[in-house]
J.: 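Sharing a structure, written as C-alpha cells. Questions coming.
In the text below, chain A, chain B and the rest are named by the order of the sequence lines, each starting its count at 1. No experiment lies behind these values; they were computed from the predicted model shown.
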Amino acid sequence: MANQKLLQAFKASNPTILTSISSQEIAARIAKILIKSGPEHLETAPPLLSNLDSHITNLVLLNPSLPPRCCLTFFNFLKRNQSLVCHKPDLRAHVILISRLFQAKKFAAMKNVLTWIVMDNNLLSSFADMVYLIDNGFHEPKFVETMCDMLFRVYADNNKFEEGLQVFDYMGNNELMIDHRSCIVYLLALQRCNKVLMCLDFFRKMVKNKVDITVYSMTIVVNVLCKKGMVDRAKDLMIEMSGKGIKPNVVTYNTLINSYIKKMDVERVDEMLRLMEMDKVVCNAATYTLLIDLYGSFGKIDDAEKVFVEMHEKGIGVDIHLYTSMISWHCKLGNMKRAFVLFDELTEKGLHANAHTYGALIDGVCKSGKMDAAEILVNEMQCQGLDVNQVIFNTLINGYCKKGMIDEALGVQDVMEKKGFENDIFTYNTIANGLCKLDRLEDAKRWLFTMIDKGINPNAVSFTTLIDIYCKEGNLVEAERLFQGMKKKGEKPNIVSYNALMDGYGKKGKLKEAYQLKDEMEAMGIISDIYTYTSLMHGECIFGKIEKALNLFNEVRQKGLVINVVAYTVIISGLSRAGRSDEAFRLYDEMKEAGLVPDDRVYTSLVANL
DNA sequence: TTAGGGTTAG
C-alpha cells in the first residue's frame, strides 16, 4: 500500500518516466534477475547495467514484488561494483531503500543505510536535503518519525552535533515524537566529546520540548558539569529538576559527592549526604567507596575503617571496588598487614581480586621495599588468569627504581616491551627519576629527551624532573627556561615544581628569587609545605643567615607542619656551623623525641652539591 | 541508560 503511494509520488515528481517505458522494462528485468538468481547474475547482463541511472535504480527499489532483502543486496551490489556500474545511488535511492527496510521492520539495516548517508558528504550536504525529500514523497508520519529518530542517533554516534540538533528541531517543529532514549544517546556523545555547554543547552531544549526527562539524562548532565569542575551548577540543576519531579537517585548523588571529595569540600559532601537522607536515597557500595577515599586522602584511615564497619552493619553489599579502595589506602600508609587481611577477607566473601586490587597491593609491597613479595604477587595474579598490564609493570619498575636497582627496573621494562607495551609517560618519568636517584643525571635527561622525540608530551612530572636535574647541575638558566616553558605549554607547575626551583635558587644564594617564587606560588593558591621551608632554610644556612633560617623554622611550627628528618638536619647543621651548639643539641633531642632517626646520608646529601 | 578502585617527581 505505502509502496504504491511512494511510487505515485515518485512518478509525479519525475514525469519523464511516464514516457520512458524502456526504463521500466529495464527495472523490471533487473528485479526479475534479483529475485530469481541474485545480484551477482546482473554481471552477466551488461546492457542492463550500462543503462542504469537513478530513475531505474529507484524503480527497482520501489518494485513491490522485490523483497526488501533483495533491495539491500541490489544496493550493496551497486556500492561494491562501482567499476562495472557508472551509476551511484543518490540520496533519494537511499531513502527509498530505508523506507522498504522500514516496512520490513529491518531496523538495524535501516540504521546502517543512514550511516552510509551521514558519512558520505556528497549524498547529504545538509539535513535540508533530507527535509526536501520527506516533504516530496515520504509523508507517512510513522516512517518519517522513525527515520528522523534514527538519523538523530546516527548523527550523535558520529559526533555530528549541529546536524543532530537540526533533526531534533525538525522533529519538534513537526510534532514528531522524540524518544528520550535517543536524547540520552546524544547527551552521551556530547559527554564523550567534552561538549559541556552544548550538553547543558541540549538538556534545556529537551525540557522545553517536553521530552520525557529521566534521572538518567539528568545524571549525565550533572556528571558532565561535575567533570568540568562546575559542581555547584550541577547541584543547582539537580535541585531544580527535583522540583520538577525528576528525583535524583544514588548515582546522581554519588556523582556530586565524588566531585566535592575531589575538591576536598567536606561541608558540601555532608550536605549531599543529608539531602540523600531527606530524599530517602540509600547509600550503596559506591557511596562508601567515595567516603573511604575522602578519609583516606586526609590520612584518616581509622575513620575509613569506621564507615567500612558501618556499611557492614547496615547490610549494604560490598564489592571489589570497595575492597580495592580500602587495600589501596592501607598500602599507601604502609599498613601492609591490614591490607593482606582485607585481601584474604574479600576472597572469603566470594569476591575476586582483579588487576586493580593486585595493582594496589603490589604497589604497597614495592613501597615497603619487598620486591620479592611483589614478584610473588605478580605470579599469583597470572595464575588467577589476570594479565600483567602496563600499570603493574610501571609499578614494578618504580619499586626497583626506588631501591636503586636500576638494572632490575630496566629488566622489567624489557619484559614489558616484549609483551607489546610501549613505554608510556609513567615508564619514562619513573626510570628518569630512578637514574636521578643514582646521580646519573645525563642518563636521566637522555630518557626524557627520548620520550619527547617519540612524540610523548612531557607532563608536569617530566618538566619538574628536568628542572630538578638542571638545578642539581647548577644550570639555573635552563631550569628557569623550562619552568616558563612548562607554563607556556599549559602544564601548570605544582608544589614540587616550585620547590625544585626554589631549592636551586637557595643553593646558589639567590634567596630573593626564591622568596619571590614562594610568593608567586602562594598567589596561585598553593600552600608552602615542609619541602618549601626546608629549601629556604637550607639556602639561608649555607650563606650564614641562621637568624632568617630560624624565623622560617618558627613559621613551620606555627603552621603546624610535620617536621621531617631533613628539615631538622638542615637547621641543626646550620646552628652548629654558626657555633650555636646548645640550640643545635636541643633540636637534636627534640628530633629524636619525635621518633625521627638521625640520618648520616641526609647530612651527606645536604652538603654534597654545595 | 547515569556513579566509585591500582602506577610517576622534591
Side-chain angles (χ1 to χ4, degrees), chain A residues 180-185 187-188 191 214-224 226-227 248-259 261-262 283-294 296 319-329 331-332 353-364 366-367 381 389-399 401-402 424-434 436-437 444 448 458-469 471-472 493-504 529-532 534-535 564 566 605:
Chain A
H180 73 276
R181 289 167 303 185
S182 306
C183 295
I184 286 177
V185 170
L187 284 173
L188 285 171
Q191 179 187 41
T214 61
V215 66
Y216 294 106
S217 46
M218 174 181 73
T219 305
I220 293 165
V221 185
V222 165
N223 184 38
V224 168
C226 281
K227 291 277 141 58
N249 65 12
V250 66
V251 180
T252 324
Y253 278 113
N254 286 348
T255 307
L256 286 163
I257 289 172
N258 183 29
S259 300
I261 286 177
K262 293 236 158 67
C283 295
N284 63 10
T287 324
Y288 278 95
T289 308
L290 292 168
L291 292 178
I292 283 165
D293 269 352
L294 174 68
D319 64 10
I320 193 64
H321 288 257
L322 185 98
Y323 267 96
T324 304
S325 245
M326 283 295 288
I327 288 171
S328 168
W329 285 111
C331 286
K332 282 198 182 92
N354 59 26
H356 287 257
T357 326
Y358 274 103
L361 209 52
I362 290 167
D363 189 47
C366 282
K367 290 226 163 74
M381 72 177 282
N389 61 28
Q390 182 138 32
V391 174
I392 309 254
F393 277 119
N394 286 338
T395 306
L396 288 171
I397 292 168
N398 185 43
C401 281
K402 283 274 144 55
D424 65 5
I425 191 146
F426 280 89
T427 322
Y428 281 110
N429 286 342
T430 304
I431 291 176
N433 281 293
C436 285
K437 202 177 152 60
L448 290 173
N459 64 10
V461 177
S462 334
F463 275 113
T464 303
T465 307
L466 279 170
I467 289 167
D468 196 41
I469 291 171
C471 284
K472 284 200 172 88
N494 56 31
I495 186 141
V496 186
S497 332
Y498 276 103
N499 286 347
L501 193 54
M502 267 186 256
D503 197 61
D529 64 5
I530 190 65
Y531 287 89
T532 318
T534 306
S535 293
N564 60 26
V566 186
S605 72

J.: Return the nearest nucleotide to the side chain of A/Thr430; candidates are B/dT8, B/dG6, B/dG5.
T.: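 For the A/Thr430 side chain, the nearest candidate turns out to be B/dT8.
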
J.: Can you tell me if A/Asn394 touches the phosphate of B/dT8, counting only side-chain N or O atoms and a distance under 4.0 Å to OP1 or OP2?
T.: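 Looking at the OP1 and OP2 atoms of B/dT8, neither is under 4.0 Å from any side-chain N or O of A/Asn394.
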
J.: Remember a base hit wins even if backbone is also touched, and classify A/Ser328 as base, sugar-phosphate or nothing at under 4.0 Å, heavy atoms.
T.: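 Answer is sugar-phosphate: A/Ser328 comes under 4.0 Å of backbone atoms only.
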
J.: Let's test your reading of the model: under 3.5 Å, does the base of B/dG4 pair with the side chain of A/Asp319 as donor and acceptor?
T.: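 Yes.
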
J.: Under 4.0 Å between any heavy atoms, over every strand shown, what does A/Ala432 touch: base, sugar-phosphate, or nothing? Just pick one.
T.: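 Since no nucleic acid heavy atom lies under 4.0 Å of A/Ala432, the category is nothing.
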
J.: Using whole Å, report how far CZ of A/Phe393 lies from C1' of B/dT8.
T.: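 Spelled out: CZ on A/Phe393 to C1' on B/dT8 is 17 Å.
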
J.: How far does CG of A/Asn249 sit from CE of A/Met218, to the nearest 0.5 angstrom?
T.: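 One finds 7.0 Å between CG of A/Asn249 and CE of A/Met218.
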
J.: Hey, what do you get for OG1 (A/Thr532) to CE (A/Met502), rounding to the nearest 0.5 Å?
T.: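 Nearest 0.5 Å value for the OG1-CE distance: 5.0 Å.
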
J.: Tell me what A/Thr219 touches on the nucleic acid: a base, only sugar-phosphate, or nothing, going by heavy atoms under 4.0 Å.
T.: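 Contact class for A/Thr219: base.
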
J.: In whole angstroms, how far is the C1' atom of B/dA9 from the CG atom of A/Leu448?
T.: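 For the pair A/Leu448 CG and B/dA9 C1', the rounded distance is 10 Å.
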
J.: Could you state the CG-C1' distance from A/Asn284 to B/dG4, rounded to the nearest angstrom?
T.: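 Taking CG of A/Asn284 and C1' of B/dG4, I get 8 Å after rounding.
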
J.: Name the closest nucleotide to the A/Ile392 side chain, picking from B/dG6, B/dG5, B/dT7.
T.: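 Of the candidates, B/dG6 comes closest.
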
J.: Under 4.0 Å, heavy atoms only, any strand: does A/Asp503 hit a base, just the sugar-phosphate, or nothing?
T.: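 The residue A/Asp503 makes no contact with any strand.
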
J.: What nucleotide, of B/dA9, B/dG4, B/dG5, holds the atom closest to the side chain of A/Asn258?
T.: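 The answer is B/dG4, which lies nearest to the side chain.
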
J.: Who pairs with A/Tyr288 by ring-ring contact (aromatic ring centres under 6.0 Å, His included), at least two apart in sequence or on another chain?
T.: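 With neighbours one apart ignored, the set is empty.
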
J.: Distance from A/Leu188 atom CG to A/Cys183 atom SG, nearest 0.5 Å?
T.: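 Going from CG on A/Leu188 over to SG on A/Cys183, the span is 11.0 Å.
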
J.: Whole Å only: how far is the CG atom of A/Leu187 from the P atom of B/dT2?
T.: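 Computing the A/Leu187:CG to B/dT2:P distance gives 12 Å.
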
J.: Quick one: which of B/dA3, B/dT2, B/dT8 gets closest to the side chain of A/Val461?
T.: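 Among the listed nucleotides, the one closest to the side chain of A/Val461 is B/dT8.
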
J.: From the options B/dT8, B/dG6, B/dG4, select the nucleotide whose nearest atom is closest to the side chain of A/Phe426.
T.: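 Closest nucleotide to the A/Phe426 side chain: B/dT8.
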
J.: A/Lys227 has a side chain; which of B/dA9, B/dT7, B/dG4 sits nearest to it?
T.: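 Of B/dA9, B/dT7, B/dG4, B/dG4 is nearest to the side chain of A/Lys227.
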
J.: Could you state the atom-to-atom distance from CG of A/Leu322 to C1' of B/dG6 in whole Å?
T.: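 Atom CG in A/Leu322 sits about 15 Å away from atom C1' in B/dG6.
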
J.: Can you tell me how far P of B/dT2 sits from CG of A/Leu256, to the nearest Å?
T.: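 In whole Å, B/dT2 P and A/Leu256 CG are 17 Å from each other.
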
J.: Expressed in angstrom and rounded to an integer, what is the separation of A/Ile397 atom CD1 from B/dG6 atom P?
T.: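 About 19 Å, once rounded to whole Å.
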
J.: Are any of A/Asn223's side-chain N or O atoms less than 4.0 Å away from OP1 or OP2 of B/dA3?
T.: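 It does, given that an N or O in the side chain of A/Asn223 lies less than 4.0 Å from OP1 or OP2 of B/dA3.
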
J.: Please tell me which of the listed nucleotides, B/dA9, B/dT7, B/dG6, lies nearest to the side chain of A/Asn494?
T.: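 The answer is B/dA9.
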
J.: With a 3.5 Å distance limit and no angle check, can you tell me whether A/Thr427 reaches the backbone of A/Asp424 through a side-chain donor-acceptor pair?
T.: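 Flag set: sc A/Thr427 to bb A/Asp424 pair under 3.5 Å.
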
J.: OP1, OP2 of B/dT8 versus side-chain N and O of A/Asn398: anything below 4.0 Å?
T.: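 So the side-chain polar atoms of A/Asn398 do come within 4.0 Å of the phosphate oxygens OP1 or OP2 of B/dT8, strictly under.
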
J.: Quick check on B/dT8: is either OP1 or OP2 less than 4.0 Å from any side-chain nitrogen or oxygen of A/Lys367?
T.: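 Answer is yes, contact under 4.0 Å.
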
J.: What does A/Asn564 touch in the nucleic acid at a heavy-atom separation under 4.0 angstrom: a base, only the sugar-phosphate, or nothing?
T.: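 Here A/Asn564 touches no strand at all.
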
J.: Counting side-chain heavy atoms from C-beta on, which of B/dT2, B/dG6, B/dA3 comes nearest to A/Tyr216?
T.: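 So the side chain of A/Tyr216 is nearest to B/dT2.
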
J.: Checking contacts here: which listed nucleotide (B/dT7, B/dG4, B/dT1) is nearest the side-chain heavy atoms of A/Ile184?
T.: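 For the A/Ile184 side chain, the nearest candidate turns out to be B/dT1.
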
J.: Report yes if the ring of A/His356 lies under 5.5 Å from the six-membered base ring of B/dG5 with planes under 30°, and no otherwise.
T.: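 Stacking between A/His356 and B/dG5: present.
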
J.: What about A/Asn254, does its side chain sit under 3.5 Å from the base of B/dA3 through a donor-acceptor pair?
T.: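 Check passes, donor-acceptor contact within cut-off.
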
J.: Mind checking the CG-CD1 spacing from A/Leu256 to A/Ile261? Nearest 0.5 Å is all I need.
T.: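 Output value for this atom pair is 11.0 Å.
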
J.: Find the distance between CG (A/Leu466) and CG (A/Leu448) and round it off to the nearest 0.5 Å.
T.: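 Output value for this atom pair is 4.5 Å.
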
J.: Across the strands shown, which category fits A/Ile257 at heavy-atom distances under 4.0 angstrom: base, sugar-phosphate, nothing?
T.: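 Nothing, no heavy atom under 4.0 Å.
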
J.: Would you mind telling me which of B/dG4, B/dT7, B/dT2 lies closest to the side-chain atoms of A/Asp363?
T.: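 For the A/Asp363 side chain, the nearest candidate turns out to be B/dT7.
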
J.: In whole angstrom, give the distance that lies between atom CG of A/Asp424 and atom P of B/dT7.
T.: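 The answer, rounded to whole Å, is 13 Å.
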
J.: Can you say whether a donor on the side chain of A/Thr289 sits under 3.5 Å from an acceptor on the base of B/dG4, or the other way round?
T.: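 Yes, the side chain and the base share a sub-3.5 Å donor-acceptor pair.
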
